[in-house]
Amino acid sequence: MQKNNILFFYIHMFLCVFIISSCNSTHKNYDFVWSKAKLVENLTNKAYKVSYIMLENAREKGLGGDIKSIRYCNGHYYIADGSYGRERIVVVDGSGKIKSTINRYGRGPQEYTMMLTWAMRNDTILIVDNRNQILEYTNKGEYIRTSKMPIPSINAIAATDYGYIIHRPKYAADDYSCNYIVHILDEDFNITHNIITESSNKISANFSQQFSETNNSIIFHQQQTESIYVFDKSECKYTEYRIDFGQPDADGNFATRLTSAPIIFDGKIFNYTYVGEEAYNCSFDIKTGDVCYAKSGTAPLYSYNFAQVNENRIVNWLNITDYENKFLKNKPELPEECIRHMENEGTILIVVDVN
């Protein structure tokens, strides 16, 4: 028995060393250069399949019109919704009907307090709260287990085939700006590798919007250095796409900046961006290096609220406040019933698929 335990220990150590040593960065042969960006009417010359979902407006069930992020699994949309500190997960079907609400807010042993971020691994939902713990539930809200996180203040977590990737701020004792860093965790939430350790970031990010996900990749960007990272879910590898925004000003800010997490869709990286104080959508062509920007509200990003749910589908969400926001320069053409639904305090999803 003792020999078996020793053998298991060495195998475990070998796997950990292998995972750590196999985390590699691959750089493309070009940077995205913003000074060569083209102002265009549309970011794409293709017509996508666009459909609309009017979400059931039932506040008592937990869908309160304050959506933070969306994921998709087995024909259902999982929506993080609720006021700050009281978020919950609302599950809706393809017609927008609420099927269930996962709301275990509280201080009990099977409950979470302020939800910092969340993720899905198959049919399991993982919620990170401000007590430095991660709680796992079934997609019906049934409690599975609670684990301690090795580090505090997680901003984003995503599941990989080899464990998890997390994104968090590292606060210096004498500096209130954030150093955003990235760790790789194993399936028991132990740190196996530090990917990014010193990238300074003075821009606070929104709840659960640091990562976008496809079936194969996890995508995010460092807002200060403006590099886009694409992690492979099946291997501990990532590609860094560098964006040259020119020189920052005396405060370290760029005249142009990206917001939220970028998405990879139909061969391009898309994001919502500001050029000075003006809001636009932008695209980075992975094959050619071309950079384009267009009025915000143009396809495939019909809103400044969007999420990637797989390789071929993204979801935008709009309520009447979002629709009338001055930063949405190009109002998407919507069916009349969608306009009426928003005017009645409802929220719609605009689903965009590659044909």
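Quick note: residue numbers are just sequence positions, from 1. Owing to the predicted nature of the structure, the values given are computational and were not obtained by experimental measurement.
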Engineer: Is the shortest heavy-atom distance from the side chain of I314 to the side chain of Y48 under 4.5 Å?
Structural biologist: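 When only atoms from C-beta onward are counted, Y48 and I314 do not touch, as no gap falls below 4.5 Å.
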Engineer: Can you tell me how far OG of S212 sits from CD1 of I263, rounded to the nearest 0.5 angstrom?
Structural biologist: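 Nearest 0.5 Å value for the CD1-OG distance: 6.5 Å.
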Engineer: Whether the side chain of K97 engages the backbone of E56 through a donor-acceptor N/O pair (distance < 3.5 Å, no angle test) should be reported.
Structural biologist: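 No; judged by distance alone, with no hydrogens or angles, the pair does not exist.
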Engineer: Tell me if the NZ atom of K38 is crowded by more than 12 foreign heavy atoms within 6.0 Å.
Structural biologist: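 No.
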Engineer: May I ask you to decide if the ring planes of Y72 and Y77 are parallel, tilted or perpendicular, using 30° and 60° as cut-offs?
Structural biologist: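 Judged by the thresholds at 30° and 60°, the geometry between Y72 and Y77 is tilted.
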Engineer: Do H221 side-chain atoms and S260 backbone N/O form a donor-acceptor pair below 3.5 Å?
Structural biologist: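 Yes, the answer is positive, given that a donor and an acceptor are paired below the 3.5 Å cut-off.
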Engineer: Is it the case that S234 and D232 place a side-chain donor and acceptor less than 3.5 Å from each other?
Structural biologist: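 The answer is yes; a qualifying pair exists.
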Engineer: Return yes when atom NZ of K295 has more than 12 non-hydrogen atoms of other residues, nucleotides or ligands closer than 6.0 Å, and no otherwise.
Structural biologist: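 No, because the 6.0 Å sphere around NZ of K295 holds 12 heavy atoms or fewer from other groups.
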Engineer: Specify the closest pair of heavy atoms between L334 and M342, including all atoms of both residues, with the distance to one decimal.
Structural biologist: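 Smallest heavy-atom distance, with atoms named: CD1-CE, 3.6 Å.
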Engineer: Would you say the side chains of N103 and T101 form a donor-acceptor pair under 3.5 Å?
Structural biologist: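 On atom types as modelled, these side chains do not qualify, holding no pair under 3.5 Å.
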Engineer: Are S35 and D244 packed together at the side-chain level, in the sense that at least one heavy-atom pair is separated by less than 4.5 angstrom?
Structural biologist: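 With C-beta onward as the side chain, the pair stays apart.
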Engineer: Kindly give the heavy-atom pair with the smallest separation between Q133 and E111, and that separation in Å.
Structural biologist: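 Closest heavy-atom pair between Q133 and E111: NE2-O, 3.9 Å.
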Engineer: From L301 CG over to I350 CD1, what is the distance, rounded to the nearest 0.5 angstrom?
Structural biologist: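 Reported to 0.5 Å precision, the distance equals 10.5 Å.
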Engineer: Are F306 and Y272 an aromatic pair by the rule of ring centers under 6.0 Å?
Structural biologist: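 Centroid separation for F306 and Y272: 6.0 Å or greater.
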Engineer: As a quick check of understanding, evaluate side-chain contact (heavy atoms from CB on, under 4.5 Å) for L55 and V90, giving each step before the final call.
Structural biologist: CA-CA 11 Å; L55 297 179; V90 182; over 6 Å; no
Engineer: Consider ring pair (Phe, Tyr, Trp, His ring centres under 6.0 Å). Of Y241, F270, Y293, F32, which one does F284 pass it with?
Structural biologist: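 Checked Y241, F270, Y293, F32 against F284; only one passes ring pair (Phe, Tyr, Trp, His ring centres under 6.0 Å): F32.
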Engineer: When you group the ILVMFWY residues by side-chain heavy-atom contacts below 4.5 Å and let the links chain together, are F189 and I191 in the same group?
Structural biologist: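 Yes, I191 and F189 fall within the same hydrophobic cluster.
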Engineer: If every non-hydrogen atom of S217 is compared with every non-hydrogen atom of K233, which pair is closest and at what distance?
Structural biologist: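 Where S217 meets K233 most closely, the heavy atoms are O-CE, 3.7 Å.
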Engineer: Considering only heavy atoms from C-beta outward, does the side chain of I348 approach that of M54 to under 4.5 Å?
Structural biologist: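 I348 vs M54: side chains touch.
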Engineer: From I89 CD1 over to S69 OG, what is the distance, rounded to the nearest 0.5 angstrom?
Structural biologist: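 Rounded to the nearest 0.5 Å, the CD1-OG separation comes out at 6.5 Å.
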Engineer: Is the count of non-hydrogen atoms from other residues, nucleotides or ligands lying under 6.0 Å from E277 atom CD greater than 12?
Structural biologist: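 Count not over threshold, so no.
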Engineer: Answer with yes or no whether the side chains of E136 and T124 bring together a donor and an acceptor at under 3.5 Å.
Structural biologist: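 No, E136 and T124 have no side-chain donor paired with an acceptor closer than 3.5 Å.
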Engineer: Do any N or O atoms from the side chain of T117 and from the backbone of V128 form a donor-acceptor pair under 3.5 angstrom?
Structural biologist: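 The answer is no, because no donor-acceptor pair under 3.5 Å joins these two groups.
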Engineer: Just so I know, are the side chains of L185 and M149 near enough to count as touching, which here means a heavy-atom distance under 4.5 Å?
Structural biologist: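 Yes, side chains in contact.
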Engineer: Are Y280 and T256 close enough, and set up right, to give a side-chain contact (heavy atoms from CB on, under 4.5 Å), and what steps lead you there?
Structural biologist: CA-CA 10 Å; Y280 294 91; T256 303; over 6 Å; no
Engineer: Against the six-membered ring of Y323, is K331 placed for a cation-pi contact (under 6.0 Å from the centre, within 45° of the normal)?
Structural biologist: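 Yes - K331 lies over the ring of Y323, closer than 6.0 Å to its centre and within 45° of its axis.
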Engineer: Among D81, I79, I102, whose side-chain contact (heavy atoms from CB on, under 4.5 Å) with R88 holds?
Structural biologist: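 When side-chain contact (heavy atoms from CB on, under 4.5 Å) is applied between R88 and each of D81, I79, I102, only D81 qualifies.
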Engineer: Evaluate V351 against V309 for side-chain contact (heavy atoms from CB on, under 4.5 Å), listing each step before the verdict.
Structural biologist: CA-CA 10 Å; V351 182; V309 295; over 6 Å; no
Engineer: Do K36 and V291 make a side-chain contact, defined as non-hydrogen atoms from C-beta onward lying under 4.5 Å apart?
Structural biologist: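 No. Closest side-chain heavy atoms not under 4.5 Å.
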Engineer: Aromatic rings F220 and F231: how do their planes relate, parallel, tilted or perpendicular, breaks at 30° and 60°?
Structural biologist: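 Because their plane-to-plane angle is under 30°, the rings of F220 and F231 count as parallel.
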Engineer: Would you say I320 and I339 are hydrophobically clustered, going by side-chain heavy atoms of ILVMFWY under 4.5 Å?
Structural biologist: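 I320 and I339: one cluster.
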Engineer: Could you measure the distance from the OH atom of Y164 to the CG atom of D186? Nearest 0.5 Å is fine.
Structural biologist: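 Y164 OH to D186 CG: 9.5 Å, rounded to 0.5 Å.
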Engineer: What residues form a ring-ring contact (aromatic ring centres under 6.0 Å, His included) with Y52, not counting sequence neighbours?
Structural biologist: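 Not a single residue meets the ring-ring contact (aromatic ring centres under 6.0 Å, His included) criterion with Y52.
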Engineer: Looking at N319 and D322, would you say the former's side chain and the latter's main chain have a donor-acceptor pair under 3.5 Å?
Structural biologist: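 Checking the backbone N and O of D322 against the side chain of N319, a donor-acceptor pair under 3.5 Å is found.
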Engineer: Any chance the side chains of H76 and D93 put a donor and an acceptor closer than 3.5 Å?
Structural biologist: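 There is no such pair between these side chains.
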Engineer: For the backbone of T160 and the side chain of R121, can you confirm whether one donor and one acceptor N or O come within less than 3.5 Å of each other?
Structural biologist: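 Side chain of R121 to backbone of T160: a pair is present.
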Engineer: For Q110, give me all partners under side-chain contact (heavy atoms from CB on, under 4.5 Å), at least two apart in sequence or on another chain.
Structural biologist: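 Checked Q110 against side-chain contact (heavy atoms from CB on, under 4.5 Å); matches are R104, Y143.
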Engineer: Heavy-atom distance under 4.5 Å between the side chains of I134 and I157, does that happen here?
Structural biologist: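 Yes; the side chains approach each other to less than 4.5 Å.
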Engineer: Going by ring pair (Phe, Tyr, Trp, His ring centres under 6.0 Å), name the pairs with one or both residues in residues 331-355, residues two or more places apart or in two chains.
Structural biologist: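 Every pair satisfying ring pair (Phe, Tyr, Trp, His ring centres under 6.0 Å) with a residue in residues 331-355: there are none.
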Engineer: Which pair of heavy atoms, one from S296 and one from L328, lies closest together, and at what distance?
Structural biologist: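 Shortest heavy-atom separation between S296 and L328 comes out as OG-CA, 3.5 Å.
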Engineer: Can you check whether I53 reaches V315 side chain to side chain, under 4.5 Å on heavy atoms?
Structural biologist: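 No. Closest side-chain heavy atoms not under 4.5 Å.
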Engineer: Taking D123 for its side chain and T138 for its backbone only, find out whether a donor-acceptor pair lies under 3.5 Å.
Structural biologist: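 Such a contact is absent between D123 side chain and T138 backbone.
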Engineer: Quick check: closest heavy atoms across N310 and Q308, and the distance to 0.1 Å?
Structural biologist: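 Looks like O-NE2, 3.2 Å.
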Engineer: Report whether V40 and Y302 are members of the same hydrophobic cluster (ILVMFWY, side-chain heavy atoms less than 4.5 Å apart, transitive linking).
Structural biologist: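 Same cluster: V40 reaches Y302 through Ile, Leu, Val, Met, Phe, Trp or Tyr contacts under 4.5 Å.
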Engineer: Could you give the distance from CG (D266) to CG (D353), rounded to the nearest 0.5 Å?
Structural biologist: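 Interatomic distance, D266 CG to D353 CG, rounded to 0.5 Å: 11.5 Å.
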Engineer: Is the closest side-chain heavy-atom distance between I151 and I166 below 4.5 Å?
Structural biologist: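 Yes, side chains in contact.
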Engineer: Could you go through the side-chain contact (heavy atoms from CB on, under 4.5 Å) check for D129 and M114 one step at a time?
Structural biologist: CA-CA 5 Å; D129 75 357; M114 182 185 296; 5.9 Å; no
Engineer: Might you point out which heavy atoms bring C73 and N122 nearest each other, and give the distance in Å?
Structural biologist: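 That closest heavy-atom pairing would be SG-O, 3.6 Å.
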Engineer: If Ile, Leu, Val, Met, Phe, Trp and Tyr residues are connected whenever their side-chain heavy atoms lie under 4.5 Å apart, and connections chain through other members, are I144 and L135 in the same group?
Structural biologist: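 No, I144 does not connect to L135 through the hydrophobic network.
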Engineer: Kindly compute the distance separating OG1 (T192) from CD (E187), expressed to the nearest 0.5 Å.
Structural biologist: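 Interatomic distance, T192 OG1 to E187 CD, rounded to 0.5 Å: 11.0 Å.
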Engineer: Quick one: sort the F327 and Y274 rings into parallel, tilted or perpendicular, breaks at 30° and 60°.
Structural biologist: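 Rings of F327 and Y274: perpendicular, as their planes differ by over 60°.
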